[in-house]
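To start, the structure itself, in structure tokens.
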Amino acid sequence: MELQSERPLLSILIPAYQYAEGVCRILGGIQPLSLGTCEVIVFDDSLDGEVEGAVAYWRGSTGMQVAYQRNRPPKGAAANWNALLDVARGEFCWLLHHDEFPIRTNFVEELIAVLRQNPEVDVLLLDCVLVDPASGWNRRHLPIWLRTLVVQRFPYYLFRRNVIGPTSSLVVRRALYPRFDVRLRWLIDVDAYVRLLRITKRLKLCPQIQIGSLLRRVDSITARLGSSIPQLGQEERAYLREVHPEDGFWLAPVASESVWNRLIRVSEIVGWNVMRVCTRIVALCCFGAVPRAVIKQAIHPQRTRAPSSAPAP
């Protein structure tokens, strides 16, 4: 793995696993890159050479500088994320999984501009758009006002609802980026978010910079956990009660709650479901958060896939 000698402003970190098309989609969406401004690092847990071959194709056909490492044996999701954060050299880190992607062609330029214009900021919160890859239909993950309210005022609510979204929704100052707890699987991202928001409130909302997240990916973490999520959630909340003893509500066991606390929870469930129905109706009536032509271009940028004949190194 080769890295640039000059320290970049931004490290773009891509943990890959068995999905070369997703990695190519990301690489297609982040070029052109300003030399010396960004570094791109791919750590690959795949069992085959497709991702390795795709990265080699991109290097050869576009000249893009991409640092690549094949993990043998595979590290596992959380350890791979942490390994990327450990080798990153940028002042800021942007960690995005292979089923996420920048939506607009000038994404990197806008991101760099915001970082340069706001040197005091520790965290950028980007807009997250959920995308149906088959139809191009899309909707905003959650209203911007709700995400802003939670991250600025009530970060522990994230243990109840992940209003931030995937890790690609955040661009974080490298020195402050928490490492992911490898003992967690379902609440691993929100635990890191809460620990981050505990040490800094210097956050800037960037609704004009949008990342896409594909819906219904059969190999996503949510899909792989499947029916085990309720039980896993209970077990991880019990563990997190020890890690975050200052949070006495959203991690508390429901069986031991007072009547008042249960009433609050019921009210939250009703309010959440009403809000979700309303956001879906708005998305349908407004034909999505982003024009479908823009989504189509983001999902299928130029040279998104290496030719099938391209050999893996």
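A distance of 4.5 Å separates SG in Cys38 from CG in Leu10, rounded to the nearest 0.5 Å.
Scanning both residues, Asp127 and Pro207, for their nearest heavy atoms gives CB-O, 3.5 Å. When all heavy atoms of Ile299 and Arg25 are compared, the closest pair comes out as O-NE, 3.0 Å. Of all non-hydrogen atoms in Leu240 and Leu187, the two that sit nearest each other are CD1-CD1, 3.8 Å. Listed here is the closest heavy atom pair of Arg237 and Trp250: NE-O, 4.0 Å.
Residues Trp186 and Val182 fall into different hydrophobic clusters, defined by Ile, Leu, Val, Met, Phe, Trp and Tyr side chains chained together at heavy-atom separations under 4.5 Å. Put simply, Leu263 and Val274 are part of two different groups of oily side chains (I, L, V, M, F, W, Y) that touch within less than 4.5 Å, one to the next. Cluster annotation: Trp260 is not connected to Ile269 through the hydrophobic network of ILVMFWY side chains, with a link wherever side-chain heavy atoms come within less than 4.5 Å. Residues Val270 and Leu146 are members of separate hydrophobic clusters, defined by side-chain heavy-atom contacts under 4.5 angstrom among Ile, Leu, Val, Met, Phe, Trp and Tyr. Hydrophobic clustering, with ILVMFWY side chains joined whenever heavy atoms are under 4.5 angstrom apart, keeps Val266 apart from Val259.
The shortest distance between side-chain heavy atoms of Arg185 and Leu232 falls below 4.5 Å.
Under 3.5 Å, the side chains of Asp99 and Tyr19 contain no donor-acceptor pair of N or O atoms. Looking only at atom types and distance, the side chain of Tyr17 has no donor-acceptor partner in the side chain of Asn80 under 3.5 Å away.
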For residues 148-158, which side-chain donor-acceptor pairs fall under 3.5 Å, sequence neighbours excluded?
| from | atom 1 | to | atom 2 | distance (Å) |
| --- | --- | --- | --- | --- |
| Thr148 | OG1 | Ile144 | O | 2.8 |
| Tyr156 | OH | Glu246 | OE2 | 2.6 |
| Tyr157 | OH | Glu268 | OE2 | 2.5 |

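Judged by distance alone, the side chain of Arg183 and the main-chain N or O of Tyr239 form no donor-acceptor pair under 3.5 Å. A donor-acceptor pair under 3.5 Å is absent between the side-chain atoms of Asn71 and the main chain of Pro73, judged by distance alone. The backbone N or O of Gly165 lies less than 3.5 Å from a partner atom in the side chain of Asn162, making a donor-acceptor pair.
Every residue two or more places apart in sequence or in another chain that forms a side-chain hydrogen bond (donor to acceptor under 3.5 Å, both in side chains) with Thr167 is listed here: His97. Considering only residues two or more places apart in sequence or on other chains, Ile211 meets the side-chain contact (heavy atoms from CB on, under 4.5 Å) condition with Trp94, Phe107, Leu126, Cys128, Pro166, Ser168, Ser169.
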*asked:* Could you walk me through whether His141 and Arg147 satisfy the side-chain hydrogen bond (donor to acceptor under 3.5 Å, both in side chains) test, starting with their C-alpha distance in whole Å, then the side-chain angles of each, then the deciding distance to 0.1 Å, before giving a yes or no?
replied: CA-CA 10 Å; His141 169 53; Arg147 301 171 79 214; 5.3 Å; no

*asked:* Using the rule given for side-chain hydrogen bond (donor to acceptor under 3.5 Å, both in side chains), can you reason through Ser46 versus Asp48, listing the C-alpha separation, both sets of side-chain angles and the distance that settles it, and then say yes or no?
replied: CA-CA 5 Å; Ser46 299; Asp48 57 40; 4.8 Å; no

*Test Glu100 against Ser213 for side-chain hydrogen bond (donor to acceptor under 3.5 Å, both in side chains), laying out the working first.*
CA-CA 4 Å; Glu100 299 152 13; Ser213 181; 4.6 Å; no

*May I have the step-by-step check of salt bridge (charged side-chain N to carboxylate O under 4.0 Å, His left out) for Arg174 and Glu91, ending in yes or no?*
CA-CA 6 Å; Arg174 179 174 55 86; Glu91 187 174 349; over 6 Å; no

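We find that Arg202 and Glu120 are not joined by a salt bridge, their nearest charged nitrogen and carboxylate oxygen being 4.0 Å or further apart. Between Asp86 and Arg179 a salt bridge is recorded (basic side-chain N to carboxylate O distance below 4.0 Å).
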